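Have a look at the structure below, then the notes.
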Amino acid sequence: MSTQTIQTQPFTGQKPGTSGLRKKVGVFQQRHYLENFVQAIFDALGDVKGKTLALGGDGRYHNRVAVQTILKMAAANGVAKVMVGKDGILSTPGTSCVIRKHKLSGGIILSASHNPGGPDGDFGIKYNIDNGGPAPEKVTDAIFAKTETITRYLISDALDYDIDTIASGTLDGMTVEVIDPVADYAELMQQLFDFNAIKTWLANGHRIRYDALSAVGGPYAIEILEGLLGAPKGSVVNGIPLEDFGGHHPDPNPVYATDLIEHLDAADAPDIGAASDGDADRNMIVGRKLVVTPSDSLAIIAAHATVAPGYKSGLAGIARSMPTSQAADVVAKALGIPAYETPTGWKFFGNLLDAGKATVCGEESYGTGSNHIREKDGVWAVLFWLNILAATGKGVAEIVEEHWAKYGRHFYSRHDFEGIDTDAANTLMSDLRGKLTTLVGTQLANRTVQLADDFAYLDPVDGSLSQKQGVRIIFADGSRIIYRLSGTGTEGATLRVYLESYEADVTRHATPPQEALADLITASRELARIAELTGRKEPTVVT
Ligand code: G1P
Ligand code: ZN
């Protein structure tokens with residue numbers, strides 16, 4: 001066995017976004033493509049000699065091939081040890097947990113999150129640092145810079161390593177430990193939640209349906225829910241990770257998890273439905289005939305946090321991404337703790353969590369989490385809900401309705417215009433930015449515009465400034481229209497329009513959200529001239 005030095009040259013556009021480098025599988029299958037990016041990671045890290053890394057992915061197509069390549073490259077680059085999930089499987093939160101628990105230098109996660117998989121789907125790779133969270137911009141910038149000047153990569157000519165057996169061994173001088181992808185994570189969950197209470201709740205006949213959408217949440221949910229908590233077999237459906245996710249679009253929202261919604265609408269519906277995405281960092285919570293919005297879920301978790309042993313001494317603060325509804329802010333105010341508003345993307349929560357300023361955080365895009373790791377965490381959110389149900393003896397709908405009655409309801413919806421022309425999308429955003437100052441004080445959607453700006457975030461921990469994070473139109477009554485372009489799509493541009501209005505009057509809480517938001521929706525389309533500039537009258541996805 002020996003190290004091979006392979007001559008190569010840069011590919012254009014290997015720029016990692018907020019969630020790493022994400023491209024069509026075919027792009028990753030090009031000769032040297034993955035290798036160049038992995039070498040750029042090692043080169044950007046500087047000296048990787050003597051370091052230990054975690055490695056695994058969501059099991060999508062190309063996962064196994066990529067794991068073998070990365071193992072051989074890690075060995076050739078002098079990495080001391082890699083902890084790799086059995087079968088190449090590790091969820092994003094699972095990896096974060098492993099990095100933190102074993103004090104690793106970082107980890108490489110293979111995932112394109114909630115994007116479809118299979119030979120025609122997407123693939124992705126991201127690097128997480130030693131706190132278990134996504135690499136900050138200075139690291140991803142350094143990786144990108146290396147991809148632009150790369151001339152060679154190092155790889156061992158060793159044979160493929162057996163990643164299907166839990167054991168330790170060596171690959172060309174590097175230690176490889178194949179680990180149970182669930183064990184460390186399951187142990188952490190038992191520290192955070194009242195497993196006995198949940199066990200009793202389940203033993204009393206309460207039921208959960210967890211749809212893993214044939215993605216990586218499955219092994220975690222099966223082991224924890226059916227194994228440790230004693231939920232009947234079959235409580236987790238689509239629990240085996242498949243390379244094409246069984247054709248599922250592994251995005252836990254009412255549009256893609258339709259089967260789950262149907263089960264929760266049925267006469268014999270379980271008490272709670274849940275789903276997670278490709279890499280199990282996103283979650284959706286569903287009650288009987290009721291989908292809990294992620295913004296409400298964050299607020300409700302925060303309001304009930306002390307029922308869970310890991311949070312019994314209360315929360316230091318609550319953080320949410322800017323487009324996420326203000327429901328969490330209302331809870332923070334009631335609890336007398338700070339509320340933080342960050343740009344979209346989990347990485348912005350890292351500093352707040354590290355500094356102990358926030359304990360729980362969340363995004364409207366079905367992401368919820370806390371300081372237990374440095375990623376959002378799908379299974380964690382489901383366990384939190386189970387703990388709340390078990391501790392209160394109430395149902396999901398009851399919890400949600402009581403929450404609205406106490407704090408008011410934030411009607412919320414996101415309208416996505418996917419795959420639009422990139423130039424049109426950029427024009428739309430710059431046109432909007434151009435008219436912001438003239439909007440203040442005018443009437444729109446029968447409301448007065450109080451503030452119109454392009455969100456900028458000054459990180460209270462490191463003082464860094466992130467600008468142009470989304471156009472906000474904020475009304476005097478607290479309603480908001482927000483526009484931003486997606487940073488994670490792989491085809492054309494995606495315009496996201498976020499709509500929110502507040503309703504204190506309990507007699508109006510049952511209004512369907514699209515109806516409650518109707519005038520804001522109309523105004524959002526007219527103001528941005530969406531149909532005119534993009535040719536789209538209606539959004540592709542409404543959540
Ligand atoms: C989307 C979500 C964002 C999330 C990210 C990664 O990003 O909107 O909240 O952090 O995926 O899961 P976007 O495509 O909007 O840039
Ligand atoms: Zn994800």
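Owing to the predicted nature of the structure, the values given are computational and were not obtained by experimental measurement. Whatever order the structure lists them in is the order used to number ligands and atoms, beginning at 1. One-based numbering along the sequence shown.
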Exercise for the section: Return yes or no for this condition: an N or O of His114 is under 3.5 Å from an N or O of ligand 1. Expected result: no
Problem - For atom 9 (O) of ligand 1, the option (of Ser365, Ser113, Pro134, Gly17) bearing the nearest heavy atom - result: Ser365
Exercise for the section: Using salt bridge (Lys or Arg N to Asp or Glu O under 4.0 Å) as the criterion, point out the one residue from Arg22, Arg60, Lys24 that pairs with Asp122. Expected result: Lys24
Problem - Sub-4.0 Å heavy-atom contact, Ser321 with ligand 1 - result: no
Handout entry: Ile224 and Met189, any side-chain heavy atoms less than 4.5 Å apart
Key = yes
Exercise for the section: State whether the shortest distance between N or O atoms of Ser486 and N or O atoms of ligand 1 falls below 3.5 angstrom. Expected result: yes
Practice task
May I ask you to decide whether Lys347 forms a salt bridge with Glu137, counting only side-chain N to carboxylate O separations under 4.0 Å?
Solution key: yes
Problem - Shortest heavy-atom approach to atom 1 (C) of ligand 1 - which of Arg282, Glu363, Arg22, Arg414 - result: Arg282
Practice task
Identify whether the distance between the nearest side-chain nitrogen and carboxylate oxygen of Glu538 and Arg525 falls below 4.0 Å.
Solution key: yes
Problem - Metal environment of the Zn ion (ligand 2), protein N/O/S under 2.8 Å - result: Ser113 OG, Asp277 OD2, Asp279 OD1, Asp281 OD1
Handout entry: Leu451, CG: over 12 other non-hydrogen atoms inside 6.0 angstrom
Key = yes
Handout entry: Donor-acceptor under 3.5 Å (Tyr61 side chain, Phe123 main chain)
Key = no
Exercise for the section: Give a yes/no on ligand 1: does Ser19 have at least one heavy atom closer than 4.0 angstrom to it? Expected result: yes
Completion exercise
In ligand 1, the atoms that come under 4.0 Å of a heavy atom of Lys376 are 4 (C), 6 (C), 10 (O), 12 (O)
Exercise for the section: State plainly whether the residues Lys126 and Asp279 are in salt-bridge range, i.e. N to O under 4.0 Å. Expected result: yes
Handout entry: Proximal ligand 1 atoms for Gly487, defined as those under 4.0 Å from one of its heavy atoms
Key = 13 (P), 14 (O), 16 (O)
Practice task
Decide if atom NZ of Lys435 counts as having more than 12 heavy atoms of other residues, nucleotides or ligands within a radius under 6.0 Å.
Solution key: yes
Handout entry: Closest protein heavy atom (residue, atom, distance) for atom 7 (O) of ligand 1
Key = Thr488 CG2, 3.5 Å
Fill in the blank from the handout: Numbered in order shown, the ligand 1 atoms found under 4.0 Å of a heavy atom of Gly345 are 10 (O)
Problem - Passing option when Glu363 is tested against Arg496, Lys376, Arg320 for salt bridge (Lys or Arg N to Asp or Glu O under 4.0 Å) - result: Lys376
Problem - Sub-4.0 Å atoms of ligand 1 with respect to non-hydrogen atoms of Arg496 - result: 8 (O), 13 (P), 14 (O), 15 (O)
Practice task
May I ask you to decide whether Glu364 forms a salt bridge with Arg484, counting only side-chain N to carboxylate O separations under 4.0 Å?
Solution key: no
Handout entry: NZ/NE/NH1/NH2 to OD/OE distance under 4.0 Å, Arg100 and Asp184
Key = no
